[in-house]
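All remarks here apply to the structure that follows.
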Amino acid sequence: ANRPLFCPLTLAMKITFPQSILGLVLLNGSLYSSSSFEIPRARSATIRRLCSQTRATFLDTEIILFSDEDDLNGHTDQNSKSNTLPIHTQVIQKDTQEQDGQHDGQRQQQQQQQQQQQQQQPQKSPRNRASKRNRHQNPAMGDTKFLRKRTADLMRLASEDQHGGQVNGDHLKSKMKADRKTFNWLIDQWAFSGESDAVDKALALLRKMEELYQASQNTADNIRPDVRTYTKVINTISRSGRSDAGALADSILDQMETKYSSGKNDQAKPNTHTYTALVEAHANSGAPGAASRAEDICATMIQKWKDGDPDVKPTARSFNAAISAWAKSDLEGAARSAESILYQMNHVFETGNAEAKPNAYNYNSVINAWANSKHVGSAQRAEELLGRMEDLYIAGDPDIKPTTVTFNSVIDAWAKSGEEHAGIKAEEILRHMEELYHTGENVDAKPNARSFNSVINVWAKSSQEDAALKAEGVLDLMKRLYDEGNEDVQPDAHSFSTVINAWAKSKLPGKAQRALGLFREMKKSYLDGNESLRPNVVSYNAVMNACAFTSGDAFESNKAVEIAQAVLKDLQQSDFGSPDQVTYGTFLKVCGNQIPACDSRDKLVAVLFHKCMRDGQVSNLVLQQLKLVASEELYTLLIGRSPHEGTGMMDLPKEWCCNVVEGKWRRRKWRDK
């Protein structure tokens, strides 16, 4: 008997038959298999080629046939010695082909791979896995023009149907359905589009749904916005990062609660996902009071859960959003507030909510909060939390296992602490990571390039007399490990530039020469083929900074000026970048610190400033250094104003400052002036 194989969305099947090809019959919108036709093996190559090039359309369904042994361009493997003829058949509904993309025909292989991955990764719900997979396969995720067109078409056609009285979700023109599924899908795509107007588009789609539902006298159930609709809109708001994201998300929640409590929409009741998206909206906004509001929402979720609300349960994700909000806050006590939420999580978990169990990600967020804190002892507290994670992991909790990311965060906390012994503590953590990895106690703690760079950064900020030597020692260790085959610790331009900066801050003699030597080593390695060591303007500026702060006798000063001039000339002639405002400002500092006041210095300063003007790099930094190094007469001649007038960038001609970058907003401001 014939067997129906068609499914409404997509069917991908692999059929293998010795000596023949199975006939495929489309009848009344369904695909049936039949053995009524048989094709000799001698004609198989021709049939495979024809199948791979054939697109036959029946009704509203498009059938694409191609051979497993052919590529999609129709080329046939003439050397195949297989006695079987594998044929792939994909049935793709026209209306969903543009929306959902093409599925891979080898579904069995995908399932095997997924099963292997599931043994190694934490389990996710099938719904979440499907949603993520569909987002990656949908053309709208990579083509905003397509997304805009589909949105505009739906809005226009929905309006036409609304005015024509057809608001029951039937097919619109171009065979698009004006139903909740279509609207929800488009809102979801806007959430992940990254477009600046994504929130406006999502809100417009939501308003259109509400208009259609009201126009139907509240009878068109398949167009009524439900909790998923509103949650997707809040998620779009959350991902936008707008400063008003929290307030806007709150208004959507109020709307949901009003509609549900009044009985106007019993499908608008907020759930766990709604509140989680709301917390993330506040956390991502960075607005004043966002962290407190995020924590209050978590408290609301806890209370609803305790009161027996079956749809609301605080989760590790919702708590982590609140923790992240405090980690971004510069308020006094922010880190302590973040840690207190971690304790709340543990209490909720111990009282019966398994979904609130703290994990390594939550601990990492609290550690980051301490790393960003200016509180005295913050780095020590971050390290204590790391120790607690290690104890819990050793005691048998695999969810609290510290990883390279955790250790790097603690090293970063020491770098930001400014404490005298920070470099020593950071190196101890690095050595501990190496020990854990090499002994097999924790292979996920393997140090990487960022680990080493963070330790170098700690030494670069240290005030210890031998800090530059310590930083260069860590760089030497990176180079040795990389030469021995550890590709995870390959030094990059950032590694070298940070060590050069360490030398710039050092009080040891000959630091300009040491900085230049490191720079030349980096440049040579790049020219020899090491792409990760490509010099950039930051590298050049670091060498020049070492020249600016060189101390010693006249020989040291003259050598520093000579190196600075050579570095500036090399940058101007290279393909590695162009001098920026920091370059010019630092060179002026070299002149002020290393050359006594004289006519020669004034001439050099005048030449340099005219180059800076020509490049459009006259910034407040440049003006500040010019005021320090130039005579009052020279300053007035160059700027056209007295140094006592407090001249700033806004007082200068536009072309002098047009290329200054002091944050993205500054670049836009001066370009648009």
Side-chain angles (χ1 to χ4, degrees), residues 122 316 320 323-324 327-328 335 338-339 342 358-373 375 377-462 467 470-471 473-482 484 486-492 494-495 498-499 502:
N320 199 74
I323 293 173
S324 297
K328 298 174 185 177
E339 190 170 345
L342 184 65
N359 54 41
Y361 193 79
N362 305 129
Y363 274 87
N364 289 348
S365 296
V366 176
I367 289 174
N368 283 330
W370 281 111
N372 295 331
S373 172
H375 191 274
S378 59
Q380 183 61 43
R381 184 55 190 154
E383 189 168 344
E384 290 171 358
L385 284 170
L386 170 62
R388 181 181 177 186
M389 292 179 70
E390 291 191 279
D391 291 341
L392 291 171
Y393 173 64
I394 293 173
D397 189 344
D399 295 331
I400 313 294
K401 183 178 184 180
T403 64
T404 302
V405 174
T406 313
F407 287 94
N408 288 351
S409 297
V410 178
I411 295 174
D412 187 51
W414 281 113
K416 295 177 179 178
S417 70
E419 297 186 26
E420 184 178 356
H421 60 293
I424 297 174
K425 299 292 292 186
E427 278 210 41
E428 289 177 354
I429 295 172
L430 182 64
R431 306 299 180 190
H432 182 50
M433 294 173 70
E434 291 181 314
E435 181 183 2
L436 290 173
Y437 174 72
H438 289 299
T439 60
E441 292 182 42
N442 185 353
V443 294
D444 292 333
K446 182 181 180 182
N448 56 21
R450 182 174 179 181
S451 310
F452 283 87
N453 286 344
S454 296
V455 175
I456 292 174
N457 186 42
V458 177
W459 283 119
K461 294 181 177 181
S462 174
K470 294 286 189 181
V474 177
L475 176 62
D476 290 339
L477 177 59
M478 289 182 74
K479 292 187 289 186
R480 179 172 62 80
L481 292 174
Y482 177 68
E484 292 174 355
N486 186 351
E487 297 183 356
D488 292 333
V489 298
Q490 180 180 11
D492 54 21
H494 180 69
S495 313
T498 308
V499 176

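What you are looking at is a predicted structure, and each value in this text was computed from that prediction instead of being measured. Position 1 is the first residue of the sequence; numbering continues from there.
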Original post:
Going by heavy atoms in the side chains, are P491 and Y482 under 4.5 Å from each other?
Top reply: yes

**OP:** Grab the two heavy atoms, one from A338 and one from I323, that are nearest each other, plus how far apart they are.
**Re:** O-CG1, 3.8 Å

Subject >> Heavy-atom closest contact (S378 atom, S373 atom, distance) >> reply: OG-O, 3.6 Å

Subject >> Student check: side-chain heavy atoms of Q380 and W370 closer than 4.5 Å >> reply: no

Subject >> Separation of T406 OG1 from Y393 OH (nearest 0.5 Å) >> reply: 12.0 Å

**OP:** Report the residues that fulfil side chain to side chain contact (heavy atoms under 4.5 Å, CB included) with D488, sequence neighbours left out, ordered by chain and then residue number.
**Re:** K446, N486

Subject >> Closest contact, heavy atoms only, S451 versus T404 >> reply: OG-CG2, 3.8 Å

Subject >> 4.5 Å side-chain heavy-atom contact, L386 and H432 >> reply: no

Subject >> salt_bridge(R381, E384) N-O dist < 4.0 Å >> reply: yes

Subject >> Close side-chain approach of M433 and N408, heavy atoms under 4.5 Å >> reply: yes

Subject >> S495 and D492 side chains, donor-acceptor separation under 3.5 Å >> reply: yes

Original post:
Hey, are E435 and R431 close enough for a salt bridge, meaning a charged N less than 4.0 Å from a carboxylate O?
Top reply: no

Output a table of donor-acceptor pairs, distance under 3.5 Å, between side-chain atoms of residues 454-461 and any protein atom two or more places apart or on a different chain; print 'none' if there are none.
{"from": "S454", "atom 1": "OG", "to": "R450", "atom 2": "O", "distance (Å)": "2.8"}
{"from": "W459", "atom 1": "NE1", "to": "E427", "atom 2": "OE2", "distance (Å)": "2.8"}

Original post:
Which distance, rounded to the nearest 0.5 Å, do you find between the NZ of K401 and the CE of M389?
Top reply: 11.0 Å

Subject >> Closest contact, heavy atoms only, V489 versus P447 >> reply: CG1-O, 3.7 Å

Original post:
In Å, rounded to the nearest 0.5 Å, how long is the span from CG of L385 to CG of N364?
Top reply: 10.0 Å

**OP:** Answer yes when K479 and D476 have at least one side-chain N-carboxylate O distance shorter than 4.0 Å, and no when they do not.
**Re:** yes

Subject >> Atom pair CD1 (I429) and CD1 (I424), whose distance is rounded to the nearest 0.5 Å >> reply: 12.5 Å

Subject >> Gap separating the CZ atom of F407 from the CG atom of D444, nearest 0.5 angstrom >> reply: 10.0 Å

Subject >> E420, CD atom: more than 12 neighbouring heavy atoms under 6.0 Å >> reply: no

Subject >> I411 versus A426, closest heavy-atom pair with distance >> reply: CG2-CB, 4.1 Å

**OP:** First locate atom CG of L475, then atom NZ of K470, and finally report the distance between them rounded to the nearest 0.5 Å.
**Re:** 15.0 Å

Subject >> Pairs meeting criterion salt bridge (charged side-chain N to carboxylate O under 4.0 Å, His left out) with involvement of residues 404-416, two or more places apart >> reply: D412-K416

Original post:
What is the minimum heavy-atom distance between I367 and S409, and which atoms define it?
Top reply: CG2-CB, 3.8 Å

